[in-house]
Amino acid sequence: MTKDGASHLASLRDGRSIFIDGKKVEDVTTSPAFRNACASAAQLYDYQAAPENIEAMTFASPRTGERVNKSWMLPRSHAELVERRKSIELWSAQTCGMLGRSPDHVASTFVGFRMGLNVYKENDPKRAGALESYFDYIRDNDHFLSYVIINPQADKNKTAGGQADPHLVASIVDEDSEGITIRGAKMLATSGVLANEIMVSGFQAIQAGDEAYAFTCAMPIGTKGLRMLSRRSYEAEATSTFDYPLSSRFDENDAVVHFDDVKVPWDRVFVHKDLKMAQAQWHDTRAHVMQNYQCMIRLKVKLKFLLGLARKIAELNNIINFPQVRETMGHLAAKVSNIDALIIAMEAQGEHYNGYYVPDRSILCTAQVIAQTTYPEVVEQIRVLSGGGMIMVPSSYADFENPETAAIIGKTQRSPIANSEERVKLMKLAWDAVGSEFGSRHLQYEMFYSGATFVTRGNSYRFFDWGEVKDFVDGFMGTYGLPGENALSSAAE
């Protein structure tokens with residue numbers, strides 16, 4: 001049967017070790033820190049399982065015939081890639097694009113790995129076999145995966161193996177006929193609390209001598225010895241959905257994951273002490289392309305939501321006809337449409353890779369570079385359009401329940417197109433989107449989840465076809481020379 005919300009919630013009660021505020025959480029589905037986010041994740045599966053959505057959201061597993069989410073598809077044509085993208089858009093819309101690590105994200109990473117199975121086979125057939133088998137398993141069970149691929153921040157001037165504590169960064173400390181044992185930490189397990197399994201890997205530069213840190217594996221979140229230390233829960237601090245409509249429901253959470261001698265069987269180890277494959281798994285396959293293609297689709301949905309929010313604020317304040325406001329709105333619309341256009345372009349100019357059809361990675365890298373500046377610009381303009389409106393809202397919904405304070409709200413929260421409750425409701429949404437702790441986290445997330453700007457711009461440089469543009473210049477320069485050598489002049493004579 002198609003996975004639904006109830007089955008997903010049940011799967012999260014697996015004895016996992018999640019810590020927040022100094023305490024271990026007994027059940028993440030009922031904890032005040034996580035229950036609403038868990039419910040939002042469950043609603044994604046309920047959405048895909050609804051009879052009217054099954055065709056748009058799922059496809060038949062090639063192995064079992066059961067319906068699973070289309071994020072597991074391995075598209076072989078432009079049409080199939082677009083079909084897959086539309087399902088991602090539908091899922092993203094359910095959370096206004098606010099779940100950055102929704103189930104389709106790491107699924108897309110593994111789709112990219114699976115497309116590049118030959119890269120694994122050429123390096124280590126056993127690890128390739130493990131990856132192929134694991135992909136079938138997570139697809140057919142329609143699992144929600146998270147990942148940790150960043151090293152804990154310490155001395156950035158040193159590699160993982162050069163830190164004062166050799167076990168700060170997760171590494172292989174033992175292995176036998178059954179598998180490997182890992183010890184140390186990784187971050188940031190975004191949506192880890194909501195997920196079934198977690199992939200442990202890395203993409204930061206490693207060098208000779210750091211082979212113990214060069215591995216990729218996966219395991220259930222409830223694995224013995226795996227502990228998550230959560231950041232502050234924005235959901236737990238939300239006074240109501242009216243006051244915090246986004247953070248009360250879509251706080252996907254981030255966590256440091258510590259592995260206390262965790263045993264991982266060989267059939268879940270995909271890269272083993274291999275410096276070359278630690279890098280090749282991302283760019284020689286199409287993992288980097290597929291995972292960030294999903295990011296761009298989700299971001300487009302999120303930006304459209306914010307653009308609608310900006311427009312409604314301008315109308316609420318009756319400034320929509322000011323020339324400077326229309327100029328601002330037009331600029332924002334162009335920025336958002338640009339991301340949309342780049343997604344369409346990377347699909348149209350996609351490539352055939354090992355029998356599959358994938359987005360053009362040069363255009364994808366272009367989109368990543370542009371996205372890192374677009375999101376902060378949109379957020380800034382929402383702040384400008386709102387002015388003090390986001391700050392002067394009542395303290396909470398309770399102010400509407402007291403006749404004395406409700407009367408003051410009625411007098412001070414005015415708009416020519418909305419009553420006082422509607423105005424407060426919109427401004428609280430705007431604050432939660434861009435000004436609250438939740439909103440600030442999203443700004444930081446969108447600016448850096450792809451890596452620092454030198455990383456994204458470096459990838460743009462790496463994958464751009466410099467030969468084509470250089471040949472263009474060389475071809476033109478070949479049409480002229482010193483006086484007497486100019487081909488055009490000679491032809492004219």
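Quick caveat: nothing in here was measured; it's all calculated off a predicted structure. Position 1 is the first residue of the sequence; numbering continues from there. What's counted below: heavy atoms across the whole structure, side chains too, no hydrogens, waters or symmetry copies.
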(request) State, without any angle test, whether Q372 and S450 hold a side-chain donor-acceptor pair at a distance under 3.5 Å. (result) no
(request) Classify the angle between the aromatic ring planes of F463 and H283 as parallel (below 30°), tilted (30 to 60°) or perpendicular (above 60°). (result) tilted
(message) Classify the ring geometry of H442 against F438: parallel below 30°, tilted from 30° to 60°, perpendicular beyond 60°.
(response) tilted
(request) With sequence neighbours excluded, tell me which residues meet side chain to side chain contact (heavy atoms under 4.5 Å, CB included) with K24. (result) S17, F19
(request) Check for a donor-acceptor pair, side chain of R67 on one end and backbone N or O of T58 on the other, with a separation under 3.5 Å. (result) yes
(request) Please work out which of the three classes, parallel, tilted or perpendicular, describes the rings of W282 and F113, given edges at 30° and 60°. (result) tilted
(message) As a quick check of understanding, evaluate ring-ring contact (aromatic ring centres under 6.0 Å, His included) for H352 and Y357, giving each step before the final call.
(response) CA-CA 5 Å; H352 290 281; Y357 188 83; 5.2 Å; yes
(message) Under 3.5 Å, is there a donor on one side chain and an acceptor on the other for R13 and T29?
(response) yes
(message) Return the CG to CZ distance between N253 and F34, rounded to the nearest 0.5 Å.
(response) 5.0 Å
(request) Verify whether one side chain among Q368 and N459 offers a donor that lies under 3.5 Å from an acceptor in the other. (result) no
(message) Pairing donors with acceptors under 3.5 angstrom, does anything connect the side chains of S133 and D136?
(response) no
(request) State, yes or no, whether a side-chain contact exists between Y147 and V200 at a heavy-atom distance under 4.5 Å. (result) no
(request) Using distance alone, with no hydrogens and no angle criterion, decide if Q294 and S71 have a side-chain donor and acceptor under 3.5 Å apart. (result) no
(request) Check whether more than 12 heavy atoms from other residues, nucleotides or ligands sit under 6.0 Å from atom CG of D21, and answer yes or no. (result) no
(message) Show the nearest heavy-atom pair for residues F59 and P62, with the distance to one decimal.
(response) CE1-CD, 4.1 Å
(request) State whether a side-chain donor-acceptor pair under 3.5 Å links Q48 with D142. (result) yes
(message) Quick one about E132 and Y120 (side-chain donor to acceptor, distance below 3.5 Å, no hydrogens or angles considered), yes or no?
(response) no
(message) Do V379 and Y375 have side chains that approach each other closer than 4.5 Å (heavy atoms only, starting at C-beta)?
(response) yes
(message) Using side-chain heavy atoms (C-beta onward) and a distance below 4.5 Å, is L44 in contact with P103?
(response) yes
(request) Would you please say whether a donor-acceptor pair under 3.5 Å links the side chains of S248 and N36? (result) no
(request) Going by the side chain to side chain contact (heavy atoms under 4.5 Å, CB included) test, name the single residue among M219, E178, K224 that passes it with K263. (result) E178
(request) Check for a donor-acceptor pair, side chain of S191 on one end and backbone N or O of R101 on the other, with a separation under 3.5 Å. (result) yes
(request) Take the angle between the ring planes of Y45 and H8 and call it parallel below 30°, perpendicular above 60°, tilted in between. (result) tilted
(message) With no hydrogens and no angle check, just 3.5 Å: does a side-chain donor-acceptor pair link E252 and Y445?
(response) no
(request) Flag the pair Q207 / L275 as yes when at least one side-chain heavy-atom distance between them is below 4.5 Å, and no otherwise. (result) no
